[in-house]
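Encoded as structure tokens, the structure appears first; notes follow it.
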Amino acid sequence: MNFDASNIDCAFVQCAVCEKAITGGGWFARIRHGEWMVALCCPLCTETFEANAHAYVRRVETLARMHSSEGIFKDATPQLPPRSNS
């Protein structure tokens, strides 16, 4: 999972709308929205993103948080919260 398109030389990045892998800088567009630089693979995804950018950036942020070292998918394995004995 890689939605951060701020590094122009990254090996691959995923389209913020359809999540298609974009390799070798072959994106159609890169757009900065808040802290995120997202890549978009085609004109349709660019139009879709621009119509509701906040929703797509929020999804990217959520996925990044889930896959971070503190997230529930760290090490690619879902981590369930500990059960309380109350």
Side-chain angles (χ1 to χ4, degrees):
M1 183 190 92
N2 181 22
F3 288 102
D4 181 13
S6 59
N7 179 0
I8 200 163
D9 296 322
C10 63
F12 89 99
V13 67
Q14 287 177 265
C15 176
V17 174
C18 71
E19 299 184 18
K20 173 184 170 186
I22 303 168
T23 58
W27 48 68
F28 174 78
R30 287 188 321 152
I31 298 176
R32 177 162 302 282
H33 186 82
E35 296 178 17
W36 288 90
M37 173 70 77
V38 296
L40 300 154
C41 67
C42 67
L44 179 60
C45 285
T46 302
E47 183 180 322
T48 302
F49 180 84
E50 288 176 338
N52 194 6
H54 181 71
Y56 289 102
V57 169
R58 186 174 52 214
R59 183 183 65 162
V60 166
E61 289 172 340
T62 300
L63 289 170
R65 202 167 322 134
M66 289 173 62
H67 288 275
S68 74
S69 61
E70 293 84 31
I72 65 169
F73 289 110
K74 64 183 177 184
D75 303 323
T77 304
Q79 308 293 312
L80 299 176
R83 292 181 116 183
S84 65
N85 293 331
S86 44

Inset, instruction - Determine, stepwise, if the pair Thr48 / Asn52 fulfils side-chain contact (heavy atoms from CB on, under 4.5 Å). - result: CA-CA 7 Å; Thr48 302; Asn52 194 6; over 6 Å; no

Inset, instruction - Tell me, yes or no, whether the heavy-atom count around Glu19 atom CD, taken from other residues, nucleotides or ligands under 6.0 Å, exceeds 12. - result: yes

Inset, instruction - Take Ile31 and Glu50, measure what side-chain contact (heavy atoms from CB on, under 4.5 Å) needs, and give me the verdict at the end. - result: CA-CA 9 Å; Ile31 298 176; Glu50 288 176 338; 3.9 Å; yes

Inset, instruction - Please assess Val13 against Val38 for the test side-chain contact (heavy atoms from CB on, under 4.5 Å), listing each intermediate value before the final yes or no. - result: CA-CA 9 Å; Val13 67; Val38 296; over 6 Å; no

Legend entry - Side-chain heavy-atom pair Phe28, Cys45 within 4.5 angstrom cut-off: no

Inset, instruction - For the pair Tyr56 and Phe49, name the ring-plane relationship: parallel under 30°, tilted 30 to 60°, perpendicular over 60°. - result: tilted

Inset, instruction - Please check if the side chain of Arg59 supplies one atom and the backbone of Val17 the other of a donor-acceptor pair under 3.5 Å. - result: yes

Legend entry - Separation between CE of Met37 and CD of Glu35, rounded to the nearest 0.5 Å: 13.0 Å

Legend entry - Joint cluster assignment, Leu40 & Trp36, ILVMFWY side-chain distance < 4.5 Å: yes

